[in-house]
Structures are given as C-alpha cells and as structure tokens.
Amino acid sequence: MAHTIVIFGASGDLTRRKLIPALYELHRKKRLPPETTIVGMSRTQYSHDQWREVLREATAAQVGPKLLPDLWDEFARRIYYYPGDVSRAEDFPGLNAFISSLEAEKNTTRVYYLSLAPEFYECTVEHLGQAGMADETHAPRRIVVEKPFGRDLQSARVLNAKIHEVFAEHQIYRIDHYLGKETVANVLVLRFANTIFEPIWNRRYVDHVQITAAENLPVGRRAAFYESAGILRDMFQNHLLQLLTLTAMEPPSRVNADDIRDEKVKVLRAVRPFTRADVAANTVRGQYRKYRDEPGVPPNSQTATFGAVKLYVDNWRWQGVPFYLRSGKAMSCRTTQIVIQFREPPHMMFEGGPRRIHEANRLVLQIQPAEGIQIHFQTKVPDAGMKMRLTDLDFNFREKFAGEMPEAYERLLLDVMMGDPSLFARADEVELAWNIVDPIQEAWDEGGPPQLELYEAGGWGPPYSEEWMQRQGREWFNVCPVIANHDESED
Ligand code: BG6
C-alpha cells in the first residue's frame, strides 16, 4: 500500500532531529513501506535538492555511521519539498495538486504531520479541510498532532473541537513520544505477560510508587517556549501521566487501541482531584538557580523547572497507595524510572534486619537511558553472622538483546502509517490529563503554596523535596543508572 507523509513545519527542529532520522532508520531496516513518499512544506524557499541536503546533514548528525551514502540516496529520492505558508488557505490547493501529482495510485494513504508551533495547528487543520484534503473517499487520511495539545483543559477542548470539525477521531493521532519507547511498551509486557508480578501489584503489597523523569540538561535555547509552559505542562500532563496509567491500569482483555485506552482513561478518572489544600501539601515546585539567566527568561520568572506531585488513584487496587511523580531540568543525571516500592515484611524475625521502607523489596523499571529492570531484595552477607544487605537482580536490555534501542518516533510513525492508534492519546485521555494538572498549575500560578524554591543544578531538585518525602517516612530513589554498552549521544 502506498503512503505519503506530509510534514508541515518542514524546516523545523523536530523534522530534522527526529522525524527524518526516524524515517531514514526505518528505510535502512527495510521497514518503511516501499511506496512511501515524503513531502515537506514550510515557508523557506528550498528546492527539492536543497532540502534533501539539509536533511542529509541533520540525519548524519543524529545517526552517525549508520548513514550509508547509497542507502541515503535511495531514501532521498522519496523526499520532496513544497514551499508554502500554513496560515494561507490559498497555498493548500497547490500543495494538494503537487502531492496528487506524486501519487501514482488514487488509494494512497496520507499522513499529515503537524510539526509546527501549536498556534498554527488550528489554521492548518482548517485549511486542510477547506482544500478537501481530509476526505477519505478513496483512501485513509490521518493527522498527527504533536504536543503540547492545548495549555489547559479549556484550550485542549477547543482544539479537539476544531480538529473534529475536519477530521474524525479515528483519523487523529495525538503523539506522546514516551509511548513509542520500547521500555514503556514493556511495562505492559512485564505486567501482563508474566504471572509473578500481577498478584502483588496492588495496595496489599505496594507501599508507594515513584515515577521520575530527571534530565541533567538545563532548558537552554528552548527557554522562551519553556517560560510559558513549565514542568507541569511540559512533562506531567503527558509523559508522566502516561507512565502512571500504564503502571496503574487494569489488564485489558485484548490488545487493541480502544481496550487499552479505555483502561488508561479509567485510571485518569480515578485520580483524586486536587483541592488547594492538596496542592499545598502534596506538591513541590522548584527552579534551578541559573534558569533566570537563560535567554528569554525574565529576571523574576516564577516558572517551575522541577515538580513533584503526590497523587492517589481511588480504586480498589490502589486505595491509599501514593504515586509520587517527579521531573526536573538541570538534575544530577538523565534518568526516567518507575520504582515500585513494596511494603516491609509484616514481622521481622531477624535482629538487625531491615526495618525501614526503602530497605524493603523494590522493583525498578529503568525506562531510559540504562534500559532495564532491577529487583532489589535482602540477602545474607556471607561469613558475617546474620548481617543482611540489599542487593539486586539486574536485567539490561542492551546486554541481553545485543541490539540498539530504536528511537520512539520510528515505532510511532510506522503505527500511524499502518493505522494503529494504540500508542496515541485519545481526545478524552488528553482532556482528563489536563483536568488533573490544571488545579495544580492554577495554584502555582497564583503563587502557591508551595513556595517556589531555587535549587542548585546537578542535584535532585530543591532540598524541600527530600524533606517532604522524609516527613512521610519515605525516601526518593536518587540513583543515577550505570550505563552499559551505551553511547549517550544516541539519545
Ligand atoms: C519533551 C519535552 O516532550 O520531552 C522536553 O518538551 C523534554 O522538555 C523531552 O526534554 C524529554 O524527552 P526524552 O525522550 O529525552 O526523555
């Protein structure tokens, strides 16, 4: 089946750093359907060859020695460029005619990718509709919408309504690239393709769950955008809540898009709503000290670059089990991990045995960059009486499978082409996620409490975050993963 991928915002960063390298990788691995054409549109006046050259350099920077000249030439022959402005309705009929001239078959599937600043989403959708480009009479027409999908519940609803005027829900693919990560998909495999974890995956055995997405890099040149977003909109509404749903959901009976998404939606619906008092008691916000020196950031900025949120999922499985979500920029290392902290044994018969919660069993799902799984448990130290120590069983994806971890966009682009929306957010999912985040964001915007606390780069966020956990008798799992067989530049 033939496909055309149309990228709006072709000269942008996402196209160069993620989309084209991912499509090239699919081509290299012979997974890209042979009759695939890529058309880029943006305002820059490139010829086809000029754009191909820009993309070649950008792809080389991402994939390094995997850029093989012959393979690239073969791939580049599928790429075309059409100069145009998404805000001008009159540019779309011409684009449509150009795409049609490239499509030998009438039944070519089209994927429209909005790799644009969010303020251009609505006009692009409207103009696609006016030009008859969403019409599925002859073949599927799909649209991929990047994050941020709105900036609160209200704007997400408006955006959903606008897109629904032109595209039906089955045509819309709201991307959250975390869902394309192999280790994220593996959360479901670990839970539902094994028997030993599920019986203990509940309030009876689990004390709490920690989901951390730490980044060592500061905000840097994205500061102007980041200033109006902040950590909640940038990381919590999408990535962290998605990880929460996969960790907390019930097993769907089938692996199809709606069954999976129905279960995820149930988790989001069960999250206990935040009152002002909850925001004060159950959230922490911080900003790294040098953030206000970043270009485009006002000297009195109150934007959070660190956040920690404790929430509850009010259902039978999770009643009373806190889920701690935490993310920050300029932290001590880059690590995304889900920690399932189990309860202590009901009775400790060994003198000197573990008595604190963080010495009890723990399952750590390393999402990235040291993709793996660890089970922590107590063992007897040999020849030392009954001295015990927490040790671990350590599984590492890269060692075990001696392969590379593909980029999330490879999987996601292929899924859109094949028409599988399982790893994309449905309209209700996005709105429910905003519904959780909005009251926290509102309270923070009004100055808290909690107060915005400055933190030093290279640590684990504001000191209060540690104190807050300690007051609850718990500790953050602040461990930078050891990376085996891995080149950080890959990420
Ligand atoms: C993006 C955020 O969605 O995810 C960025 O906008 C963040 O701020 C990035 O750095 C993290 O993605 P990854 O795949 O590197 O964990």
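Note that these values count all heavy atoms, side chains included, but never hydrogens, waters or copies made by symmetry. Counting starts at 1 for both ligands and their atoms, following the listed order.
You'll find the side chain of E25 stays beyond 4.5 Å of the side chain of F75, heavy atoms only.
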Step by step, work out the side chain to side chain donor-acceptor pair (under 3.5 Å) result for T335 and Q337.
CA-CA 6 Å; T335 177; Q337 48 188 240; 2.8 Å; yes

Going through the checks in order, is the salt bridge (charged side-chain N to carboxylate O under 4.0 Å, His left out) test met by K329 and E294?
CA-CA 13 Å; K329 300 279 186 192; E294 304 279 16; over 6 Å; no

Could you check ligand 1 for N or O atoms lying under 3.5 Å from protein N or O atoms and list the pairs with distances?
residue, atom, partner, partner atom, Å
ligand 1, 3 (O), K147, NZ, 2.8
ligand 1, 3 (O), H239, NE2, 2.7
ligand 1, 4 (O), H239, NE2, 3.4
ligand 1, 6 (O), K147, NZ, 2.9
ligand 1, 6 (O), R222, NH2, 2.9
ligand 1, 6 (O), D234, OD1, 2.6
ligand 1, 6 (O), D234, OD2, 3.4
ligand 1, 8 (O), R222, NH1, 2.8
ligand 1, 8 (O), D234, OD2, 2.5
ligand 1, 8 (O), K329, NZ, 2.7
ligand 1, 10 (O), E215, OE1, 3.3
ligand 1, 10 (O), E215, OE2, 2.5
ligand 1, 10 (O), K329, NZ, 3.1
ligand 1, 12 (O), H177, NE2, 3.1
ligand 1, 14 (O), H177, NE2, 2.8
ligand 1, 14 (O), K181, NZ, 2.6
ligand 1, 15 (O), R334, NH2, 3.0
ligand 1, 16 (O), Y178, OH, 2.5
ligand 1, 16 (O), Q368, NE2, 2.6

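Taking the ring centroids of F323 and W318, they lie under the 6.0 Å cut-off.
If you take CD on E146 and CG on D176, they are separated by 9.0 Å, rounding to the nearest 0.5 Å.
H208 pairs with exactly one of Y324, W476, F342 by the ring pair (Phe, Tyr, Trp, His ring centres under 6.0 Å) rule, that one being Y324.
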